[in-house]
Amino acid sequence: MSKVNVLYFASLRESLGVSGEELELPAGVATAGALRDHLAGRGDPWGALKTAKNLRIAVNQSMVSPEAPVAVGDEVAFFPPVTGG
């Protein structure tokens, strides 16, 4: 098994129309940012992953930078910053 579990939250989930997916970790994709870029390469509306301002990424429920490593079996979550008042 060479899959990662990817989750999408808040407005990302709404614009993508899915809350998550399990996918094969593509060859050459070894960081959270590279996974984001790979997904954004699907075209619209997935491009929002790359253009969303202040997109946050968590790997195995820990906030990470785009340079954080991603490995088979990881859970990777993408979500926009929470706003409120």
Side-chain angles (χ1 to χ4, degrees):
M1 183 169 163
S2 58
K3 296 185 177 186
V4 292
N5 189 33
V6 183
L7 304 174
Y8 310 102
F9 289 96
S11 60
L12 270 176
R13 177 180 60 218
E14 294 170 18
S15 66
L16 299 176
V18 295
S19 61
E21 63 183 304
E22 189 175 87
L23 65 101
E24 294 284 331
L25 189 60
V29 172
T31 66
L35 180 60
R36 175 203 58 207
D37 294 348
H38 171 78
L39 293 166
R42 291 175 169 173
D44 285 334
W46 296 93
L49 286 165
K50 196 163 184 174
T51 60
K53 199 169 190 176
N54 299 321
L55 180 72
R56 307 189 96 183
I57 306 172
V59 175
N60 298 325
Q61 300 183 7
S62 294
M63 299 302 298
V64 298
S65 71
E67 295 77 25
V70 172
V72 169
D74 282 347
E75 177 186 85
V76 182
F78 295 99
F79 52 95
V82 176
T83 60

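This structure is a prediction, so every number in the text was calculated from the model and none was measured. Sequential numbering from 1 along the given sequence is applied to the chain's residues.
Within the 4.5 Å cutoff, no side-chain heavy atoms of S19 are placed close to those of L16. Side-chain contact between V76 and L7: absent, with no pair of heavy atoms (C-beta onward) separated by less than 4.5 Å. Looking at heavy atoms from C-beta onward, V72 lies in side-chain contact with S2 at the 4.5 angstrom threshold.
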Scan the side chains in residues 29-41 for donor-acceptor partners under 3.5 Å anywhere in the protein, sequence neighbours excluded, and list what turns up.
{"from": "T31", "atom 1": "OG1", "to": "A34", "atom 2": "N", "distance (Å)": "3.0"}

Less than 3.5 Å apart, which donor and acceptor atoms pair up between the side chains of residues 59-68 and the rest of the protein, not counting sequence neighbours?
{"from": "N60", "atom 1": "OD1", "to": "E75", "atom 2": "N", "distance (Å)": "2.9"}
{"from": "N60", "atom 1": "ND2", "to": "D74", "atom 2": "OD1", "distance (Å)": "2.9"}
{"from": "S65", "atom 1": "OG", "to": "E67", "atom 2": "N", "distance (Å)": "3.3"}
{"from": "S65", "atom 1": "OG", "to": "E67", "atom 2": "OE1", "distance (Å)": "3.0"}

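To the nearest 0.5 Å, the span separating CD on E24 from NZ on K3 amounts to 5.0 Å. Note that CG of L12 and CH2 of W46 are 9.0 Å apart. Values are rounded to the nearest 0.5 Å.
Legend: salt bridge (Lys or Arg N to Asp or Glu O under 4.0 Å) pairs involving residues 39-48, not counting sequence neighbours, sorted by first then second residue: E21-R42.
Using a 30° and 60° split on the angle between ring planes, F78 and Y8 fall in the parallel class, below 30°.
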